There are 2 protein chains.
Amino acid sequence: MQHEVGGMDYSPDLDLFARTELFQGTPPEALRFLQASAGRRRLAAGDILFQQGDRTTSLFVVIAGRLRASQMAQDGQQIIIRYLGPGEVAGYAALVGSDTHPGTVTAVDDSHLIGWTSAIVRQIMERYPVVAINALTLLGQRYHEMQIRVRELSTERVERRIGHTLLRLAHQSGRRTARGIEIAFPLSRRDLAEMVGTTLHTVSRTLSAWEERGIVSCGRCRVVLCKPHALVAIADEEE
Amino acid sequence: MQHEVGGMDYSPDLDLFARTELFQGTPPEALRFLQASAGRRRLAAGDILFQQGDRTTSLFVVIAGRLRASQMAQDGQQIIIRYLGPGEVAGYAALVGSDTHPGTVTAVDDSHLIGWTSAIVRQIMERYPVVAINALTLLGQRYHEMQIRVRELSTERVERRIGHTLLRLAHQSGRRTARGIEIAFPLSRRDLAEMVGTTLHTVSRTLSAWEERGIVSCGRCRVVLCKPHALVAIADEEE
DNA sequence: CCAACTATTTGCGCTGGCTCAAATTGGAGG
DNA sequence: CCTCCAATTTGAGCCAGCGCAAATAGTTGG
């Protein structure tokens with residue numbers, strides 16, 4: 001963790017991290033302490049924040065950009081756990097007291113994060129229980145997301161899962177454009193396949209079919225949802 | 001929550017819940033307060049502790065018995081999130097501040113739990129941050145379990161998933177017997193199917209094939225792992 | 001503008017595992 | 001011992017989606 005102490009951008013950062021869900025309700029003196037003890041980290045698209053199995057040293061909050069949390073099996077098969085955007089936490093291991101990172105986090109766009117050592121995080125949580133309670137809430141949401149994903153993987157066909165996944169991504173980081181809602185970061189067919197639990201071939205075929213029907217519009221690492229309602233119909237249709 | 005205040009079994013209960021991971025490191029006066037404010041709940045096999053969508057009122061710790069946490073989709077398809085045994089927490093919603101339960105918890109054996117209202121839980125966490133931090137650790141473990149399960153569902157074939165699931169269940173609640181390690185609670189083919197993400201037919205066929213080879217031995221709602229090492233080989237074989 | 005890559009598309013054949021159906025077994029209660 | 005019911009087994013057929021392979025289309029660096 002490098003400390004780029006360039007006095008001029010104090011308050012913007014303070015504003016940004018203090019508004020995240022993790023630090024809601026934290027008293028001002030704690031925020032000042034956090035501000036003073038924070039490290040900064042800038043990543044270019046493709047850079048790795050930390051890798052699966054790395055020793056846990058810090059907790060990060062995303063200030064700007066987009067990152068991907070993934071997990072790899074011993075046979076090299078990879079899955080994407082989720083994408084992270086501004087305000088979200090990367091490096092949960094430091095919150096839950098795990099000594100190694102269970103997954104790898106990679107920037108998919110140029111990103112800016114701030115972070116604190118595990119010791120500081122621990123200290124803050126012991127002194128300001130509200131932070132630990134906020135962390136519980138956040139982790140609870142993620143746990144619930146994973147439950148839903150397990151249910152989808154267990155019970156739904158590929159087409160519906162792709163639909164749900166795209167809708168979720170659009171919700172998290174959709175950008176309105178003339179043609180529809182665009183997923184606002186580079187997302188390849190392979191990436192989508194690793195989120196959905198299928199192959200890039202099947203994703204490609206499905207998107208092609210949808211493009212035919214005008215539901216989506218896609219290019220290299222780009223997906224635009226032109227008719228989100230049609231996608232909802234596909235994702236939630238009875239049968 | 002009914003309070004069955006029958007003075008005689010004070011200390012046994014105190015011992016039991018105080019030893020759970022959730023309350024590790026909690027000072028004695030907090031334990032006394034928890035003891036005084038706890039409610040008890042006894043369930044017969046098949047009884048429901050709470051249902052998906054119910055308003056969150058309490059947090060429970062399993063003292064004895066075994067319960068199943070499940071989730072149902074709107075189309076009626078059900079999946080089993082996990083089984084809970086002594087020392088484990090049921091009703092995470094009260095820890096993470098969710099106002100409804102995301103799943104249903106049912107006793108699969110006669111069970112005994114103690115519980116506290118959400119308000120008391122909140123109060124304890126605010127006053128004794130160590131409890132919130134312990135809860136984070138617990139939830140982190142469950143989150144990690146779910147990540148692994150998503151990975152298995154995404155990348156592994158049914159036979160291997162059944163293998164992994166049985167090994168995990170044996171680890172959580174296996175009982176040594178003359179014939180091998182027995183899963184110590186009633187587990188039907190359908191239950192296993194709902195944990196693994198397949199149909200009871202496929203589970204039945206797979207178990208039959210394994211029984212043929214002497215790897216397992218099973219009866220109605222019973223599974224005994226006779227050759228766990230062979231199961232490990234199936235679950236972890238390269239390919 | 002060319003070369004080298006990477007991402008994507010698409011065809012083809014195969015099969016794991018699902019669906020549907022029916023028979024069988026094992027307990028629980030009377 | 002008999003009845004009823006839930007759990008289990010097993011057969012047969014089918015198909016969604018995977019694996020393999022080859023062609024195509026953007027992108028990046030030189």
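Just so you know, these numbers use all the heavy atoms, side chains as well, and skip hydrogens, waters and symmetry mates. Numbered from 1 within each chain, the chains take letters A, B, ... in sequence-line order. Computed from a predicted model, the values in this text were never measured in an experiment.
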Exercise for the section: In whole angstrom, give the distance that lies between atom CD of E156(A) and atom C1' of dC18(C). Expected result: 16 Å
Practice task
Would you indicate which nucleotide in dC18(D), dT19(C), dT9(D) comes nearest to any side-chain atom of T199(A)?
Solution key: dC18(D)
Exercise for the section: Map E159(B) and R189(A) onto DNA chain C by nearest heavy atom, then report which one ends up closer to the 5' terminus. Expected result: R189(A)
Exercise for the section: Would you give the length of the straight line joining atom NE2 of H229(B) to atom CD1 of I234(B), rounded to the nearest 0.5 angstrom? Expected result: 10.5 Å
Exercise for the section: Hey, can you tell me if W116(B) and F17(B) have their rings parallel, tilted or perpendicular (30° and 60° cut-offs)? Expected result: perpendicular
Handout entry: d(CZ, R190(A); P, dC5(C)) in whole Å
Key = 18 Å
Exercise for the section: Identify whether any heavy atom of R220(A) sits under 4.0 Å from a base atom; if not, whether one sits that close to sugar-phosphate; answer base, sugar-phosphate or nothing. Expected result: base
Practice task
Calculate the interatomic distance between W210(B) atom CH2 and dT9(D) atom P; express it in whole Å.
Solution key: 13 Å
Problem - Minimum-distance nucleotide (side-chain atoms of C221(B) versus dA7(D), dT9(D), dT9(C)) - result: dA7(D)
Practice task
Calculate the interatomic distance between R160(A) atom CZ and dG17(D) atom P; express it in whole Å.
Solution key: 11 Å
Exercise for the section: Hey, can you tell me if H101(B) and F50(B) have their rings parallel, tilted or perpendicular (30° and 60° cut-offs)? Expected result: parallel
Problem - Sugar-phosphate only, base, or nothing, as touched by R205(A) at under 4.0 Å among non-hydrogen atoms - result: base
Completion exercise
note: L187(B), atom CG; dT8(D), atom P; distance rounded to Å ~ 9 Å
Exercise for the section: From the options dT9(C), dT9(D), dG17(D), select the nucleotide whose nearest atom is closest to the side chain of S204(B). Expected result: dT9(D)
Handout entry: Pair of N/O donor and acceptor under 3.5 Å linking dT8(C) base with H201(A) side chain
Key = no
Handout entry: Side chain proximity check, I80(A) to Q78(A), heavy atoms < 4.5 angstrom
Key = no
Handout entry: Presence of T198(A) side-chain N/O under 4.0 Å of dC18(D) phosphate oxygens OP1/OP2
Key = yes
Practice task
Just call it for S208(A): base, sugar-phosphate, or nothing, with non-hydrogen atoms closer than 4.0 Å on any strand.
Solution key: sugar-phosphate
Practice task
Give a yes-or-no answer on whether the side chains of R189(B) and S204(B) include a donor-acceptor pair shorter than 3.5 Å.
Solution key: no
Problem - Atom-pair distance (CZ on R222(B); C1' on dT25(C)), nearest Å - result: 17 Å
Exercise for the section: Using only side-chain N and O atoms of S188(A), determine if any of them is under 4.0 Å from OP1 or OP2 of dA7(C). Expected result: no
Handout entry: Earlier contact from the 5' end, DNA chain D, for L200(B) and R157(A)
Key = L200(B)
Handout entry: Between dA7(D) (C1') and E211(B) (CD): distance, integer Å
Key = 14 Å
Exercise for the section: Round to a whole Å and report the spacing from CD of Q77(B) to C1' of dT19(C). Expected result: 13 Å
